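Order of the sequence lines sets the chain letters (A, B, ...), proteins ahead of strands, with each chain counted from 1. Being a predicted model, the structure only gives us computed values, none of them experimental.
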Protein chains: 2
Amino acid sequence: MQKLDLIVNDLRKDGYRITPQRVAIIDYILNTESHPTAESLHEVIQKKHPMVSLATVYKTLDLLKKKGIVQELRLAGGSRYDANVGRHVNLVCVNCGKIEDVDYDLLEEIENKVARKSKYDIVGSKFELYGYCSNCQKAGIAK
Amino acid sequence: MQKLDLIVNDLRKDGYRITPQRVAIIDYILNTESHPTAESLHEVIQKKHPMVSLATVYKTLDLLKKKGIVQELRLAGGSRYDANVGRHVNLVCVNCGKIEDVDYDLLEEIENKVARKSKYDIVGSKFELYGYCSNCQKAGIAK
DNA sequence: ATCTATGCAAACATTTTGCAGGCTG
DNA sequence: CAGCCTGCAAAATGTTTGCATAGAT
């Protein structure tokens, strides 16, 4: 069974409606490695599905974020979205915005290794954990 | 010698002018652990130095980023700035936006350890490397 | 005296929101 | 056929820019 179908079934089970817009967006983001912005995603999808507005793209991406289907990378020039939600390292060019995925072993060695392998001039790195702090868990907000 | 003085001397050596606005901003960000946004930084600094505009805060933060003195964390609700530019882990509450710094050993164990220690409900993580790709290095753009 | 840095306000880019109507279940 | 989802447009948010002037060197 396709990954798309699994996600669609999951959403349906949760009571979400399966619209052509949502399917098109999910399908596209599952099958690209381009880390699109909301706007570039909208442009590409409109070619096949003229009936998709930018607002719907944003709303759908919000839904997919909540469901853990996509990850949002907040970068200069707007957020980019990534269906690869497993633990992974993104190599971001702070000049042109290009993003590449990188395999790695241990944190301690990553930076040097990556610099050597990629020919990137590394100017910084960041490992961030996202979650709900204990206060917010108690309050049960917006989860 | 104070860290502030070192930075100020460095900037002066590079030909940048040492204005009260810049000193106030650098001084504040060096001595806070609150990961302020540009706007919150502006509010706090205005209390002591009414002559600091928000535009100047942004311009100064850009300068400090270029000099490697601060790190920008792009999060929901706006970027946050952090004088701790060494390699470190930020623990971000995706609900209230609180940011805490975390010590760590090895990447493999971080997520579980942090979840246990912090009582955070971890919903995702991200380790990003920032740098200039080889193309951009050749082109020598905007560095 | 020179010329960078500032403040102001307008411009800009991205994302969010409200509402009327359409489509899924 | 009930109510969630959509498209549109306006609004909100966060950041950048242009220009005249103040102020650091």
Side-chain angles (χ1 to χ4, degrees), chain A residues 5 7-26 35-43 45-67 70-81 94-95 97 142, chain B residues 5 7-27 35-43 45-67 69-81 94-95 97 142:
Chain A
D5 298 320
I7 290 172
V8 163
N9 286 341
D10 239 42
L11 290 178
R12 205 194 312 270
K13 203 183 305 170
D14 286 355
Y16 294 102
R17 295 192 175 167
I18 307 308
T19 64
Q21 289 90 336
R22 283 178 174 173
V23 174
I25 292 168
I26 298 168
H35 303 271
T37 62
E39 190 135 7
S40 70
L41 210 157
H42 178 231
E43 277 172 29
I45 286 180
Q46 270 208 330
K47 286 177 188 163
K48 278 202 173 181
H49 308 266
M51 292 282 82
V52 179
S53 74
L54 184 56
T56 296
V57 169
Y58 275 107
K59 286 167 186 169
T60 301
L61 288 172
D62 277 349
L63 171 61
L64 298 177
K65 275 190 287 175
K66 273 185 203 151
K67 290 288 147 188
V70 303
Q71 181 173 220
E72 185 180 4
L73 306 177
R74 291 181 177 271
L75 304 173
S79 289
R80 285 153 176 274
Y81 296 87
V94 295
N95 198 160
Chain B
D5 297 320
I7 291 172
V8 163
N9 286 341
D10 241 42
L11 291 178
R12 204 192 314 268
K13 202 183 305 170
D14 286 353
Y16 294 102
R17 295 188 177 170
I18 307 307
T19 63
Q21 289 90 335
R22 284 178 173 173
V23 175
I25 292 167
I26 298 168
D27 188 32
H35 302 271
T37 62
E39 190 134 8
S40 72
L41 211 158
H42 178 231
E43 276 172 29
I45 286 180
Q46 270 209 329
K47 286 177 188 162
K48 278 201 172 180
H49 309 264
M51 292 284 85
V52 180
S53 72
L54 184 56
T56 296
V57 170
Y58 276 107
K59 287 167 185 168
T60 302
L61 289 173
D62 278 349
L63 172 62
L64 298 177
K65 275 190 287 175
K66 274 184 202 151
K67 291 287 147 191
I69 295 160
V70 303
Q71 181 173 222
E72 184 180 5
L73 306 177
R74 293 180 177 272
L75 304 173
S79 289
R80 284 152 176 275
Y81 297 87
V94 294
N95 198 157

Footprint string (nucleotides 19-25 of chain D, 5' to 3'): B base within contact, S backbone only, - free, heavy atoms under 4.0 Å = ----BBS
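Atom CZ in A:Arg22 sits roughly 19 Å away from atom P in C:dG22 (whole-Å rounding). Between the P atom of C:dA13 and the CZ atom of A:Arg74 lies a distance of 19 Å, rounded to the nearest Å. In this structure, CG of B:Leu75 is placed 16 Å from C1' of C:dT14, rounded to the nearest angstrom. If you take CG of B:Leu41 and P of D:dG14, they are 15 Å apart, rounded to a whole angstrom. Between the NE2 atom of A:His42 and the P atom of C:dT15 there is a distance of 13 Å, rounded to whole Å. Going from atom CG of B:Asp62 over to atom P of D:dG14 covers 17 Å, rounded to whole Å. Rounding to whole angstrom units, CG of residue B:Leu61 and C1' of D:dT16 are separated by 13 Å. Regarding B:Leu63, its CG atom lies at a distance of 14 Å from the P atom of D:dT16, rounded to whole Å.
Residue contacts shown for B:Gly77 are limited to sugar-phosphate atoms, with no base heavy atom under 4.0 Å away. Looking at heavy-atom distances under 4.0 Å, A:Thr37 makes no contact with the nucleic acid at all.
To the nearest 0.5 Å, atom CG of residue A:Leu41 and atom CZ of residue A:Arg80 are 11.5 Å apart.
With sequence neighbours left out, the side-chain contact (heavy atoms from CB on, under 4.5 Å) criterion links A:Ala24 to A:Ile45, A:His49. Partners of B:Glu39 according to the side-chain contact (heavy atoms from CB on, under 4.5 Å) rule, which considers only residues two or more places apart in sequence or in another chain, are B:Thr37, B:Glu43. Applying the side chain to side chain donor-acceptor pair (under 3.5 Å) criterion to B:Asp62, with sequence neighbours excluded, gives B:Lys65. Among residues two or more places apart in sequence or in another chain, the salt bridge (Lys or Arg N to Asp or Glu O under 4.0 Å) test is passed with A:Lys59 by none.
Residue pairs meeting the side chain to side chain donor-acceptor pair (under 3.5 Å) criterion with at least one partner in residues 11-22 of chain B, sequence neighbours excluded, are B:Asp14-B:Lys67.
Here the side chain of A:Leu54 is nearest to one of C:dA9, C:dT15, D:dT6, namely C:dT15.
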Start with the C-alpha gap between B:Ile69 and B:Asp10, add the side-chain angles, then the distance that decides, and say whether side chain to side chain contact (heavy atoms under 4.5 Å, CB included) holds.
-> CA-CA 11 Å; B:Ile69 295 160; B:Asp10 241 42; over 6 Å; no
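Comparing A:Pro50 and B:Tyr58 against DNA chain D, the residue whose closest nucleotide sits nearer the 5' end is A:Pro50.
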